[in-house]
Each structure stands twice: as C-alpha cells, then as structure tokens.
Novice: 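Structure incoming, see below.
Predicted, not measured: the structure shown is a model, and the values here were computed from it. In what follows, residues are counted from 1 in the order of the sequence shown. Any value given below was found using the heavy atoms of this structure, including those in side chains, with hydrogens, waters and symmetry copies removed. Atoms within a ligand are numbered from 1 in the order they appear, just like the ligands themselves.
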Amino acid sequence: MALLFQIAIAIVLGVLLGGLVPVAAENVAFLGDVFLRALLMLVVPLVMTSMIVGVGNLGDAGQMGRLGRRTAIYYVVTTAIAVFLGLVLVNVIQPGVAATPEAQLELRGGARLGTVTYAIAGDTLTLPEGTLTRDYDDRYGIELLDRGLKGTIAKDEERDPNRFEITEWRDRDGNPVTLDGTAPQQGQGILVDLAIAGRMRDKSGSAWETIQQVITGLVPRNIFDSMANNDVLPLIVLSITFGAILLKLGAPAQPLMRSFNVLNDAILALVHLVMKLAPVGIGALVAGRLAEAGGFAGFLPELLRMGKFAGTTILGLAIHGLIILPGILVLFTGRSPLAYGTNFLPALMTAFSTSSSSATLPVSLECTIEKNHISPKVADFVLPLGATVNMDGTALYEAVSAIFIAQVYGVELTFVQMVIVFLTATIAAIGAAGIPEAGLVTMAIVLRAVGLPLEGISLLLLVDWFLDRCRTTVNIWGDAVGAAIVENLEQQDEQKRDANTTEPPPELA
Ligand code: ASP
C-alpha cells in the first residue's frame, strides 16, 4: 500500500510539474529514463527465464497445449470484444463529424486561408506571419486555390517559422509540376490540410504482409540480435521450445531446471529492487512527457480540439477496463476485481507512465505472482505472451481511429468495410510491439485495407502519446485478467484430476 500511495502522489506531482513548469520538468525527466532503462534491462532475462521455468515445471506436454489453447482463446475473444465496443462507440458518438464544412475542415486540422497572400521563391513558400500556428508532425498538405495545385510543404523552423520548404507540387490530375522559375511568384488563397506524417511514409504494409511479418518474426535468426533489440516475440518462442525440451528430457535436465529456477528468483528479486525507484521514476516520466508536449498550455488546447475523439477512445477504454474485463473476471473466477485490481495497480501505473507493455512486464509479473497469488506456472506463460500479442486497448483504439479518420474525410464505410476494419484492427493490435506508439504505426494496415487516407494518422499525432498511455494500461490489465482466468481453469482441472485419483476403485467402494 505504501508503494501505491507513493506512486499516486508522484503521478500528481509529475502532472503538476510537467503541466505548470515544463522547464523544470525537463530537468528531472532523466530520472524517468533511469527507471525505464532499469525495467527494460530486465525484460529479456525475465522473459526467457520465466518462460523456460514456466513451461519446464509443467506436468506434461499436454498441459502446455491446453494452457496455450486457453490463453489464445481468451486473447482473441477479449480483443474482439474491445474492437466491437470501439466500433459501436465511434459510430454512435461520431467524433469525426462536424456541423458545417468549415468546421469539418478545421476538425482535420485544415483551414481555408482565403485572403492570405503567399509567395513562392524557388523551393520556398512564404506565408504571412502567424498564418500556420498548428503543427502535424513536420509536413502540411497544401492547395493553392487560385491555381488548383496541390502540394506538400515541410516546416523549416530553423530559418523562419513562416517559411516552408516545398517538397512536391501536383496538378489536379496528380501530375508532378515544377513551379520553380516559370510560375508566377505570388498568389491568393490557400487550403491547408493534412500531409502523410513523416514517420508513416513507407510504413504502409497490408494486413497480409503484417501476418507474414508476425509469423516470420516468431523465429529468431540470431538470438543475440533479438536480445539486443529487446525483440521479445522470437525469444518467447525459443524459451517455450527450450522449456518443453527440458520437460521432455526429465530427470537428466533437472539440474539445469533448478539453475533456471534460481536465476528466475534472482531476477524477480532485482525487479523488487527496481520497484523502489518506481515513485520517482513514474513521476519523472509523466512530468517529462507532459513538458515535452508544452505543458498544460501546449497540450490542453490540443486535447480539447480532439476532445470528442479522445473522449470516445477514453470512454471505450474505461468501459472495457472497468466493466467488461472485471465482469469477465468475476464471471470466470469469482475473484473481487477491486482486490485483484488494487494489487495490480503498481503495474497499471507503470504502464501509464512508460506506455510500454514490454517495459511493464517485470512489474506485472511481480504483482500477479506475489500479490495476486497466481501460480508462476500460469503467469510466466500468459503475461509475457500477452505483453506482445494481447492488446485490447490498442485494438479498440485502432478501430475508433480508423472510423474517426473516415468520418473526418467524409468517407462512408459499407458494412463489409466495417467488418474489414474489425478484422484488420485485431491484426494490427496483435502485430503492434509492446513499445510506445507502436499501435499508431500498425494503424496503416487498417487504413490501407479499406482505402482510407494515411494522412489521417497525422491528425492523431499530437494526442497519441497521451492515449497511448491509457491504452497500454488497459492492454496489461487484459493480460492480468487472462492470467486469473487461465489459472482458474487449470485449478478446476487439477481438482477434477485429484477427485478422480482419490476416488476408491469401484470394487472397494
Ligand atoms: N504502447 C502500447 C503497448 O506497449 C502499444 C500501442 O498501442 O502503441 O502496449
């Protein structure tokens, strides 16, 4: 409890410091990095030892198959529920629909700058001071209304905030045009719109490509390479296989299994130690990120402008995290969600502050095994796997965002397209790594599948870091609930088995 209390105070202080005095917060942000690095340092050794120990200590290979099946069914079903919930909410609330065409354009960050006189010289576009105050990633889509030319401009802040570097111009038919030299140097009327965010360029794989990548990525080409890159999924596969082989070898493998057990205990003891840094680390991470977003003054207007979208996402995450998952927990295990959730709170707060399921894994394992008393056998299997593939929050976010983007661009989606969004959002969530803002990148899969403009992702950039924290929290909560359910089913099996073996043979009864 003391730790929880300290973390809660640290979050409040972090929010106040980052929000009100961003300059000071920037100076303490490194303390958050210390905590994050310490957690990340433990992820690979912990994933490997816990999975080898988890599988190696199972009764037999059949039990592993059953565990795997149950975990997979839980993951798929809860992810699908989250996507469905997101789809319902975004279609009912319609955060991307504004009352007038102007408001609609503004909603997507655009503006019709009718009376602005622009000037083009070489590869530079100059606008009157203060014309473009908003900011998406580093590029803007732009249309010169008097000339019917569409192009992209990039910020060139270092030279002058009102001068932009022109990266491309196209005419109405999409043919490239060079304005340099031949074109009139001045004009009137500009439409500013979204451009494809820098980080999204070349990232637009299809759903099938992502499935292929996920499957290929299951097999490590070089285990040290995977370790060095904190690439968890291939290491999980390797560790499960290795654990299963030790299990099969039986007695000769026992000394090695004992060593892995000790190693695993030692790493968990290290997690304990790192958790002592948690209050300072979590507070500093929150303060630093808020400061980076410009404190309250910089971030709140953005959050308000995107308020309906952010509100829809947060409402969906809240319903899923506070009603649906706890409901499933009670239904399948009879456990009190309040007690289970309170014991898991340090992990939830770590997820909120790091926006990374992988970095949170050491803390979630500790809370689940030691505070919620889930057997290591189950937790060691369900949680590491869940941290990389089970992301209810991300799945919900993918669905809400894709439909939001469709609404903002005025694209009507058919029922079949909605079904495609449903399927691809699930794939995008599975494909997203447990690292910050991974879901934003895999969203390209969903948009591409139904032909929505990738530019829409730019719209989400300024609020994504915040929503990422919220969805990561729900992601790991989903894993924790899954561990309790699988544990319960395993216990029921054990009881049945015990009942069968203790039953006296019929002839003696
Ligand atoms: N940050 C999320 C996680 O680690 C993934 C995402 O949605 O971006 O769970």
Novice: Any donor and acceptor pair, going by atom type alone, linking the side chain of Q417 with main-chain N or O of T414 inside 3.5 Å?
Specialist: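 Present.
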Novice: Any chance CZ of F332 has more than 12 other-residue heavy atoms, nucleotides or ligands included, within less than 6.0 Å?
Specialist: no
Novice: Using a 6.0 Å distance limit plus a 45 degree cone around the ring axis, check whether R471 lies over the aromatic ring of Y397.
Specialist: yes
Novice: Counting both backbone and side chain atoms, is some N or O of T472 under 3.5 Å from an N or O of ligand 1?
Specialist: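 For ligand 1, there is an N or O atom that lies under 3.5 Å from one belonging to T472.
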Novice: We want to know whether T49 and N264 form a side-chain donor-acceptor pair, criterion being a heavy-atom distance below 3.5 angstrom.
Specialist: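 Their side chains do contain a donor-acceptor pair, which is all the 3.5 Å distance test asks for.
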Novice: Say whether S355 and E437, considering side chains only, have a donor N or O and an acceptor N or O under 3.5 Å apart.
Specialist: no
Novice: Are any side-chain N or O atoms of E398 and backbone N or O atoms of I427, one a donor and one an acceptor, separated by less than 3.5 Å?
Specialist: no
Novice: Suppose I only count heavy atoms of S355 and a 4.0 Å limit; which atoms of ligand 1 are within that range?
Specialist: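 What qualifies from ligand 1 is 1 (N), 4 (O).
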Novice: Can you check whether A438 has an N/O within less than 3.5 Å of an N/O in ligand 1?
Specialist: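 Yes - when backbone and side-chain N and O of A438 are compared with those of ligand 1, one distance drops under 3.5 Å.
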Novice: So is G439 polar-close to ligand 1, meaning N/O to N/O under 3.5 Å?
Specialist: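 So ligand 1 has an N or O lying under 3.5 Å from an N or O of G439.
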Novice: Please work out whether any backbone atom (N, CA, C, O) or any side-chain heavy atom from C-beta onward of S357 is under 4.0 Å from ligand 1, and answer side chain, backbone, both or neither.
Specialist: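 The part of S357 near ligand 1 is both the backbone and the side chain.
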Novice: Quick one: look at A429 and ligand 1, take heavy-atom pairs under 4.0 Å, and tell me if it's side chain, backbone, both or neither.
Specialist: neither
Novice: Do any heavy atoms of S358 fall under 4.0 Å from ligand 1?
Specialist: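 No heavy atom of S358 comes that close to ligand 1.
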Novice: With side chains defined as the heavy atoms from C-beta onward, is the minimum distance between L460 and I405 less than 4.5 Å?
Specialist: yes
Novice: Could you tell me which atoms of ligand 1, counted from 1 in the order shown, lie closer than 4.0 angstrom to a heavy atom of E437?
Specialist: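 So the answer, numbered in order with elements, is 1 (N), 8 (O).
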Novice: Of the protein's non-hydrogen atoms, which lies at the shortest distance from atom 1 (N) of ligand 1, and what is that distance?
Specialist: D468 OD1, 2.8 Å
Novice: What atoms of ligand 1 come closer than 4.0 angstrom to any heavy atom of T394?
Specialist: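 Answer for ligand 1: 5 (C), 6 (C), 7 (O).
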Novice: Check this for me - ligand 1, S356, N or O atoms closer than 3.5 angstrom, yes or no?
Specialist: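 By distance alone, the answer is no.
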Novice: As a test of understanding, state which of V389, T388, T79 forms a side chain to side chain contact (heavy atoms under 4.5 Å, CB included) with I430.
Specialist: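 Per the side chain to side chain contact (heavy atoms under 4.5 Å, CB included) rule, the option paired with I430 is V389, out of V389, T388, T79.
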Novice: Which part of I435 is near ligand 1, with near meaning a heavy atom under 4.0 Å away: side chain, backbone, both or neither?
Specialist: backbone
Novice: Near A433, which atoms of ligand 1 are under 4.0 Å from a heavy atom of that residue?
Specialist: 5 (C)
Novice: So does L331 have more than 12 non-hydrogen atoms from other groups sitting under 6.0 Å from CG?
Specialist: yes
